[in-house]
Amino acid sequence: MERDYTLEYKYAKAKKKVEKIKGLYIHLIVTVLIIPVLIFINLKFVRSYHWFYYPTIGMFLGLFFHWFGVFGMGKIGLGKDWEEKKINEYLKKQD
């Protein structure tokens, strides 16, 4: 009985993670499709001022924070085990 619960819990957790990753991919695709449209509109109608940089920067910042929300600190090397690894590293250096 307990094993079924554990498997169900792991499945639900994995499914939630996959849905978050899928949302990130959709966000990436939308960003990649919208930026060229904004550049085209800007260069077609207002050639003297390149305002498309602002929404582009904003969209990539939003994409970065979305990525960070999905993968967290672990992808940049500061995950849950980081402190423990650093403590062990310093203990080995002291020996």
Side-chain angles (χ1 to χ4, degrees):
M1 183 73 167
E2 186 176 321
R3 186 168 189 247
D4 291 338
Y5 174 75
T6 305
L7 286 174
E8 240 181 80
Y9 174 75
K10 286 181 179 180
Y11 177 80
K13 193 172 178 180
K15 185 176 179 181
K16 187 175 180 180
K17 182 73 170 182
V18 168
E19 287 174 0
K20 285 182 178 183
I21 293 171
K22 180 182 172 185
L24 177 65
Y25 287 153
I26 291 170
H27 190 171
L28 176 65
I29 291 168
V30 169
T31 299
V32 168
L33 291 176
I34 292 216
I35 289 174
V37 172
L38 292 174
I39 293 171
F40 173 77
I41 291 170
N42 181 200
L43 297 178
K44 178 76 173 170
F45 297 107
V46 187
R47 290 179 177 239
S48 61
Y49 182 66
H50 294 162
W51 53 261
F52 67 87
Y53 290 119
Y54 304 115
T56 301
I57 291 169
M59 290 177 85
F60 278 116
L61 276 173
L63 188 61
F64 169 75
F65 286 116
H66 193 165
W67 172 84
F68 193 75
V70 170
F71 294 110
M73 299 286 274
K75 284 290 185 177
I76 59 173
L78 298 173
K80 295 177 182 177
D81 299 330
W82 179 79
E83 282 186 41
E84 193 65 36
K85 286 179 186 177
K86 279 297 183 185
I87 290 170
N88 289 332
E89 181 182 314
Y90 287 126
L91 286 173
K92 286 179 184 177
K93 284 183 180 180
Q94 288 179 359
D95 287 341

Notebook entry, point to check: Taking a hydrophobic cluster as the set of Ile, Leu, Val, Met, Phe, Trp and Tyr residues connected by side-chain heavy atoms closer than 4.5 Å, whether directly or through intermediates, do Ile34 and Ile29 fall within one such cluster?
Noted result: no
Checklist line | Exercise: identify the closest heavy-atom pair between Trp67 and Leu24 | finding: N-CD1, 3.6 Å
Check: So which heavy atom on Leu38 is nearest to which on Trp51, and how close?
Finding: O-CH2, 3.9 Å
Note to self: Out of the candidates Tyr54, Tyr53, Phe60, only one should pair with Thr56 under the side-chain contact (heavy atoms from CB on, under 4.5 Å) rule; please name it.
What the structure shows: Phe60
Notebook entry, point to check: Would a 4.5 Å heavy-atom cut-off, applied to side chains only, mark Ile21 and Phe71 as touching?
Noted result: yes
Item checked: Test item: Glu19 and Lys15 side chains (from C-beta on) under 4.5 Å apart, heavy atoms -> yes
Next item on the list: Find the distance between CZ (Phe65) and CG (Leu61) and round it off to the nearest 0.5 Å.
Entry: 6.0 Å
Next item on the list: Taking all heavy atoms of Val30 and all of Met59, pick out the closest pair and write down the distance.
Entry: O-CE, 4.5 Å
Note to self: Is it true that, when you exclude Lys85 itself, more than 12 heavy atoms of the residues, nucleotides or ligands shown sit nearer than 6.0 Å to its NZ?
What the structure shows: no
Next item on the list: Report yes if some heavy atom in the side chain of Ile39 is under 4.5 Å from a heavy atom in the side chain of His50; otherwise report no.
Entry: no
Margin query: Do Val46 and Ser48 make a side-chain contact, defined as non-hydrogen atoms from C-beta onward lying under 4.5 Å apart?
Written below: yes
Next item on the list: Report whether Tyr11 and Val18 are members of the same hydrophobic cluster (ILVMFWY, side-chain heavy atoms less than 4.5 Å apart, transitive linking).
Entry: no
Notebook entry, point to check: Are the side chain of Lys20 and the backbone N or O of His66 linked by a donor-acceptor pair below 3.5 Å?
Noted result: no
Check: Mind checking whether Ile35 and Phe52 have side chains closer than 4.5 Å, heavy atoms only?
Finding: no
Next item on the list: Measure the spacing between OG1 of Thr6 and CD of Glu8 and express it to the nearest 0.5 Å.
Entry: 10.0 Å
Notebook entry, point to check: Should Tyr49 and Ile57 be counted in the same cluster of Ile, Leu, Val, Met, Phe, Trp and Tyr side chains packed under 4.5 Å apart?
Noted result: yes
Check: Under a single-linkage definition using a 4.5 Å side-chain heavy-atom cutoff for Ile, Leu, Val, Met, Phe, Trp and Tyr, are Phe40 and Leu33 assigned to the same hydrophobic cluster?
Finding: no
